[in-house]
Amino acid sequence: MHWLPYLMIAYVFGATITQSLFLAIHELAHNLFFKKPLYNRLFSMLANLPIGIPYCVPFRGYHLEHHKYQGIDGIDTDIPSNLEARFIRGPITKTIWCSCQILTYALRPMFIKPQELTMMHVLNWAVQIAFDAAVFHFWGWKPLFYFVLCIFLAGGLHPCAGHFISEHYVFPHLAATQETYSYYGPLNYLTWNVGYHNEHHDFCYVPWSRLPELRRIAPEFYDNLAVCESWIGVIWDYIMRDDMGPYSRVKRLPRDDKFASVLKVTKAE
């Protein structure tokens, strides 16, 4: 096997398709494909199949908590852990983190806020394992390896993976105080308009196809906000700029069993 063409095909096509599947599952988590929630749950398992690892059910729970409790320490598992923030410093460790950030999104929630096992979790695992077993039976281990490789490429140093950083990391060089940023570039065509992220958080039941129209009819709310100009650029800035890293997030702190109303931006000491 010629590894360079194989990796190029996996990076250009496989990883891009995998990222698109990630974000299709994101739309399904908000019940934006079908009117009945159950149909969205079941279809998300279908979209999960080419990814190879069952994740659509736990993702939905964690993602909806991210919307409802954005930035709340210990609940919003999108926030980097203190362990990550202590060790991910400098271009080398930030490059490694960006290359493997899909692992942090997969593993961090299990340590910070484990979910209770439900029948939907079991069904997600059962359907995925049956599919993987069938693939292995008919075609061997290579397609399964390809699935996992595309996961790492899609969630690593890939242009479409820039949305992971652009959505909620603070950009000090923009002198902005936002905790959510939008991106309006061409990669939205490949990612279900996930770049319209302020719009999505304001109206999370508006489907991807209507988000550009939402922005168009409400310019007074969005045209004055700082935006991410490039997903590739934001990955570069995250790695190379000293003022960006895991600490560059807005965090709400719990207080007396209630959520604090004041935002705190955590910064490295």
Side-chain angles (χ1 to χ4, degrees), residues 17-81 101-132 147-148 150-152 154-155 160-161 163-168 179-180 188 190-211 249 252 259:
I17 293 169
T18 298
Q19 185 66 247
S20 185
L21 288 171
F22 287 158
L23 295 167
I25 290 171
H26 166 258
E27 290 287 299
L28 287 157
H30 289 286
N31 297 328
L32 295 176
F33 273 39
F34 303 98
K35 291 182 179 180
K36 291 188 177 182
L38 178 61
Y39 294 172
N40 289 276
R41 301 292 79 68
L42 297 177
F43 197 77
S44 68
M45 294 181 194
L46 179 64
N48 198 154
L49 293 180
I51 295 172
I53 296 174
Y55 93 100
C56 65
V57 171
F59 167 79
R60 179 177 184 270
Y62 287 124
H63 184 69
L64 295 183
E65 287 180 336
H66 163 67
H67 273 267
K68 189 174 182 180
Y69 304 110
Q70 184 176 331
I72 299 294
D73 194 22
I75 298 179
D76 181 4
T77 57
D78 192 69
I79 296 288
S81 65
Q101 65 176 315
I102 199 68
L103 277 181
T104 67
Y105 278 90
L107 299 177
R108 183 195 302 140
M110 294 190 295
F111 290 99
I112 294 178
K113 194 176 184 292
Q115 291 181 349
E116 293 185 8
L117 187 66
T118 68
M119 285 304 299
M120 278 296 173
H121 288 84
V122 174
L123 183 60
N124 188 193
W125 276 90
V127 169
Q128 190 66 55
I129 290 172
F131 176 80
D132 292 348
F147 292 161
V148 175
C150 289
I151 292 173
F152 276 90
C160 292
H163 82 88
F164 290 122
I165 297 173
S166 75
E167 291 166 356
H168 297 296
E179 60 179 312
T180 304
N188 278 303
L190 302 174
T191 55
W192 305 87
N193 280 335
V194 74
Y196 288 77
H197 216 67
N198 272 301
E199 294 84 350
H200 170 64
H201 269 263
D202 288 345
F203 300 95
C204 61
Y205 294 113
V206 172
W208 69 276
S209 59
R210 300 292 186 266
L211 292 176
R249 293 293 297 261
R252 292 180 173 87
F259 299 135

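Here the structure is a predicted model, which means the values were calculated and not measured. What you see below is based on every heavy atom in this structure, not just the backbone, and it leaves out hydrogens, waters and symmetry mates.
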- Heavy-atom pair of closest approach, residues Arg108 and Thr77: NH1-O, 2.9 Å
- Message: Distance check, rounded to the nearest 0.5 Å: Tyr105 atom OH versus Phe164 atom CZ?
- Response: 6.0 Å
- Message: Quick check for you: to the nearest 0.5 Å, what is the distance between Ile129 atom CD1 and Ile53 atom CD1?
- Response: 11.5 Å
- Item | Validation row: Val127, Leu49 side chains within 4.5 angstrom (heavy atoms) | yes
- Query: Is any side-chain heavy atom of Leu21 closer than 4.5 Å to a side-chain heavy atom of Pro50?
  - Reply: yes
- Please report the closest heavy-atom contact between Ile151 and Ile51, naming both atoms and the distance. CD1-O, 3.1 Å
- Item | Where at least one partner belongs to residues 50-76, residue pairs that pass salt bridge (Lys or Arg N to Asp or Glu O under 4.0 Å), sequence neighbours excluded | Glu65-Lys113, Asp73-Lys251
- Could you tell me whether the side chain of Gln115 reaches within less than 4.5 Å of the side chain of Tyr62, counting heavy atoms only? yes
- Query: So which heavy atom on Gly155 is nearest to which on Gln101, and how close?
  - Reply: O-CG, 2.8 Å
- Please tell me if the side chains of Met45 and Leu28 come closer than 4.5 Å, counting only heavy atoms from C-beta onward. no
- Which heavy atom in Pro207 sits nearest to a heavy atom in Leu32, and how many Å separate them? CA-CD1, 3.8 Å
- Item | Interatomic spacing from CD1 in Ile112 to CD1 in Ile75 - rounded to 0.5 Å | 11.5 Å
- Message: Rounded to the nearest 0.5 Å, what separates atom CZ in Phe147 from atom CG in Asp132?
- Response: 7.0 Å
- Message: Strictly distance-based, threshold 3.5 Å: is any side-chain N or O of Arg41 a donor or acceptor partner for the main-chain N or O of Cys56?
- Response: no
- Note on the structure: Correct closest heavy-atom pair for Asn124 and Asn48 would be ND2-OD1, 3.5 Å
- Query: How far does CG of Leu46 sit from OG of Ser44, to the nearest 0.5 angstrom?
  - Reply: 9.0 Å
- Determine yes or no for a side-chain-to-main-chain donor-acceptor pair under 3.5 angstrom, with Arg252 supplying the side chain and Gln70 the backbone. yes
- When you look at OH of Tyr39, are more than 12 heavy atoms from neighbouring residues, nucleotides or ligands closer to it than 6.0 Å? no
- Task: Find out whether Ile102 and Phe22 are in side-chain contact, i.e. whether some heavy atom of one side chain is under 4.5 Å from a heavy atom of the other.
- Result: yes
- Item | Neighbour count above 12 (heavy atom, 6.0 Å) for Phe152 CZ | no
- To the nearest 0.5 Å, atom CG of Asn188 lies from atom CG of Asn193 at 5.0 Å
- Message: Contact between Tyr55 and Ile25 at the side-chain level, heavy atoms closer than 4.5 Å - yes or no?
- Response: yes
- Student check: side-chain heavy atoms of Thr180 and Asp202 closer than 4.5 Å: no
- Message: Using modelled atom types and a 3.5 Å cut-off, is there a donor and acceptor pairing between side-chain atoms of Glu27 and backbone atoms of Trp208?
- Response: yes
- Message: Looking at Trp192 and Ser20, would you say the former's side chain and the latter's main chain have a donor-acceptor pair under 3.5 Å?
- Response: yes
- Check the angle between the aromatic planes of His63 and His200 and answer parallel, tilted or perpendicular using the 30° and 60° thresholds. parallel
- Would you check, one step at a time, whether the test side-chain hydrogen bond (donor to acceptor under 3.5 Å, both in side chains) holds for His121 with Thr118? CA-CA 5 Å; His121 288 84; Thr118 68; 2.7 Å; yes
- May I ask you to check whether His197 and His163 place their ring centres under 6.0 Å from each other? no
- Determine whether His201 and His66 make a side-chain contact, defined as any pair of heavy atoms from C-beta on separated by less than 4.5 Å. yes
